[in-house]
Amino acid sequence: MQRIVILTGAGVSAESGLGTFRDVGGLWSRYDLEDVATPGGFARNPRLVHGFYNARRANMRAAEPNPAHAALARLLAAHPGQVTLVTQNIDDLHERAGASPVIHMHGELARALCGACGARWDAPDAMVPEDACPACGAAATRPDVVWFGEIPYHMERIGAALTACDLFVAIGTSGAVYPAAGFVAEAAGHGAETLEINLEPSDTAAAFDRHLHGPASRIVPEWVATLLR
Ligand code: NAD
């Protein structure tokens, strides 16, 4: 029974209306990454950072999963072997399509984290710097997302899945952000077959054995149907 590891990126949510990292005119292009996606940026201007993630959370709550999310949920439920779904996305569209479990290596917009005591809870629609942590009372709350310079979550679990998988599939990710961009080499190094599904060849395309190019909402359901046949 084939063990599969799937890594998704912003491209899987693009057709749900959530902008990718590099979309021209998208939310990301109006802000400097240093300001909104680093611990230093948050220390300098927490109100700006909360405002940025509040806007992204509102977009997420207004968005709907697309056929790619639905197909991956079907695969998780129906594949006779183990399927590990790892996402770089901080949106909740995989879960809302019915996928479980989902490993959020870059955290979740839907969750809040206390920078003082490490408590986590469901994020309200809008967070502000004055919010008190429900556990310790400190006004040190932040979105539970992994910023540049921080260590992604669940790396041990992901590493174990990569070394034991037969097939590694990257979907809608540019291969520009490490450590996720290195997963293909890690899986291939342990003998896995590798497949890239993306709108166009990514930065790490050469590292994959096979490629399927096109919009995720069309290609992913076709690929899942073939696999489950
Ligand atoms: P990226 O924006 O760097 O790359 C997205 C990739 O998806 C590109 O290679 C692009 O060609 C491809 N793509 C675009 N539309 C597609 C479609 N319809 N079908 C298939 N492929 C499509 O995103 P990344 O590699 O995930 O890395 C950027 C970082 O930014 C990650 O950490 C990610 O978590 C974060 N991010 C998250 C979200 C989200 O949670 N929805 C959105 C933007 C950025």
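Atoms within a ligand are numbered from 1 in the order they appear, just like the ligands themselves.
Put simply, the side chain of H69 gets close to the backbone of N66: a donor and an acceptor are under 3.5 Å apart.
In this pair, H213 and H211 present their aromatic rings tilted. The plane angle is within the 30 to 60° band.
Between R210 and E196 there is no salt bridge, since no side-chain nitrogen of the basic residue lies less than 4.0 Å from a carboxylate oxygen of the acidic one.
Enumerated by chain and number, the residues approaching ligand 1 to less than 4.0 Å through a heavy atom are G9, A10, G11, S13, A14, E15, G19, T20, F21, R22, W28, R56, Q88, N89, I90, D91, H106, G172, T173, S174, V177, N198, L199, E200, G214, P215, A216.
Remark: F52 CZ to D32 CG distance equals 10.5 Å, nearest 0.5 Å.
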task: Assess whether side-chain contact (heavy atoms from CB on, under 4.5 Å) is satisfied between L72 and I171, documenting all intermediate values.
output: CA-CA 11 Å; L72 293 176; I171 304 173; 4.0 Å; yes
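Scanning both residues, S174 and S202, for their nearest heavy atoms gives O-CB, 3.5 Å.
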